[in-house]
Amino acid sequence: MLELSTIWAGIIAFAVLTYVILDGFDLGIGILFPFAKTDKDRDVMMNSVTPVWDGNETWLVMGGGGLFAVFPLAYSVVMPAIYLPVIIMLLALVFRGVAFEYRWRTVRGRWLWDVAFHGGSTVAAFCQGITLGALVQGIPVEDRLYAGAQWDWLTPFSVLSGVALVIGYALLGATWLNMKTTGRIQHQMRSYARPLMLLTLGLIGLVSLLTPFQDPIYLIRWFSWPGVVFSVCVPAVVALIAWMLHRGLKTQRDYQPFFCAIALFVVCFIGIGISFYPYMLPPSLTIAEAAAPDSSLAFALVGAVILLPVILAYTAYTYWVFRGKIDPEESFH
């Protein structure tokens, strides 16, 4: 029987993965925003996510709030280690969110909100990648407290992870626009998706090669039995997905490239999960050590069992209602 702490670790992981996927293409559109050829094209790009962008960020709140509620020790250790990138990320998301509304209310100052939307999206994505890199490279813990320095999160590996996530989100954004738009924007984004795919694959490969050397626990996990099986299978699965993404772009299929880009993120996320388990913060805290008492976990799980299906149903319904191509002449403002 699964322990409550393991169940909750799965719920938090699911919330984070869902956020990365849903808000990833949203941030990717902001990253690609300056490359639009006309202001009208930028309107269409923003309209493609206007009905869903704020709902996407529900999963960020759930992941962060869930970590605080059910893994308080992990929260108290992680936050001091990454305060600065997290604060910058949240401020960037604020600028980006405000830009969604304000750029439609002005003509003369629209360029300013375009910059805010692009800058907020890029900085938020970069900070998320840095945070992930900082977690992967390890957070020192002594006596259940963060034992590192203020700038330990800033390393070449974390910066590389930040760049990789920005490029990966841009790939998600390009394939989303390929799926949701027609004409010039679709053709432009389809042409961007190919080099973005190659860059993403190259960065995935580089980060994957460097990850085992961040801590001996990763080296043991991936290159001893049975982890070595995953070391062979994961690259093969990534190669297959990349081929399908390429074929989808070449044959001008609208949906296949987007879902293949999502699959790349899912496989990478599973790889991170394999590297971490059973630790919440490798190599210092296990999931069981970082969890709240079982009584608290059970009480919170009741709420999660009720809330999760509601959020999933609402999210699915929203995407279903706004399915199909975007009409360039329509606006949600």
Side-chain angles (χ1 to χ4, degrees), residues 4-20 23-24 27 56-97 120 123-162 164-166 211 214-215 217-218 269 272-273 275-293 296-297 299-301 303-304:
L4 286 173
S5 58
T6 303
I7 294 172
W8 263 110
I11 292 173
I12 300 298
F14 175 76
V16 172
L17 175 60
T18 306
Y19 169 77
V20 167
D23 214 33
L27 291 165
N56 293 343
E57 295 188 347
T58 301
W59 298 97
L60 178 62
V61 176
M62 184 172 183
L67 183 67
F68 175 75
V70 300
F71 295 105
L73 178 57
Y75 187 90
S76 68
V77 171
V78 168
M79 288 309 296
I82 55 172
Y83 265 137
L84 191 55
V86 167
I87 289 172
I88 294 173
M89 178 196 73
L90 293 175
L91 289 174
L93 290 174
V94 169
F95 273 96
R96 174 174 159 271
V123 171
F126 183 65
C127 287
Q128 288 174 18
I130 280 186
T131 300
L132 174 62
L135 292 174
V136 170
Q137 70 191 13
I139 295 176
V141 180
E142 290 182 10
D143 298 325
R144 299 165 67 89
L145 297 171
Y146 174 57
Q150 183 178 359
W151 295 92
D152 280 2
W153 55 269
L154 186 59
T155 65
F157 180 79
S158 67
V159 171
L160 176 65
S161 300
L165 199 60
V166 170
T211 295
Q214 301 305 307
D215 194 279
I217 192 172
Y218 302 138
F269 194 83
I272 294 171
S275 298
F276 272 45
Y277 188 81
Y279 292 92
M280 178 62 69
L281 297 176
S284 306
L285 289 175
T286 65
I287 292 171
E289 290 171 341
S296 299
L297 297 180
F299 178 78
L301 188 60

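In what follows, residues are counted from 1 in the order of the sequence shown. Keep in mind it's a predicted model, so treat the numbers as computed, not measured.
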For this session: Carefully, step by step, assess Arg96 and Leu27 under the rule side-chain contact (heavy atoms from CB on, under 4.5 Å).
Result: CA-CA 9 Å; Arg96 174 174 159 271; Leu27 291 165; 3.4 Å; yes
[X] side chain to [Y] main-chain N or O, any donor-acceptor pair under 3.5 Å?
X	Y	answer
Tyr146	Ala149	yes
Trp153	Pro85	no
Glu289	Leu73	no

Roughly how far, to the nearest 0.5 Å, is the [atom2] atom of [Y] from the [atom1] atom of [X]?
X	Y	atom1	atom2	result
Ile272	Leu135	CD1	CG	9.5 Å
Leu17	Phe269	CG	CZ	5.0 Å
Ile11	Leu301	CD1	CG	5.0 Å
Leu281	Thr286	CG	OG1	10.0 Å
Ile130	Leu160	CD1	CG	10.5 Å

For this session: Walk me through it: do Thr155 and Gln137 pass the test side-chain contact (heavy atoms from CB on, under 4.5 Å)?
Result: CA-CA 9 Å; Thr155 65; Gln137 70 191 13; 2.6 Å; yes
For this session: Test side-chain contact (heavy atoms from CB on, under 4.5 Å) on Leu84 and Trp151 and set out the steps.
Result: CA-CA 9 Å; Leu84 191 55; Trp151 295 92; 3.5 Å; yes
For this session: Show the numbers, then the answer: is there a side-chain contact (heavy atoms from CB on, under 4.5 Å) between Tyr277 and Ile287?
Result: CA-CA 8 Å; Tyr277 188 81; Ile287 292 171; 3.9 Å; yes
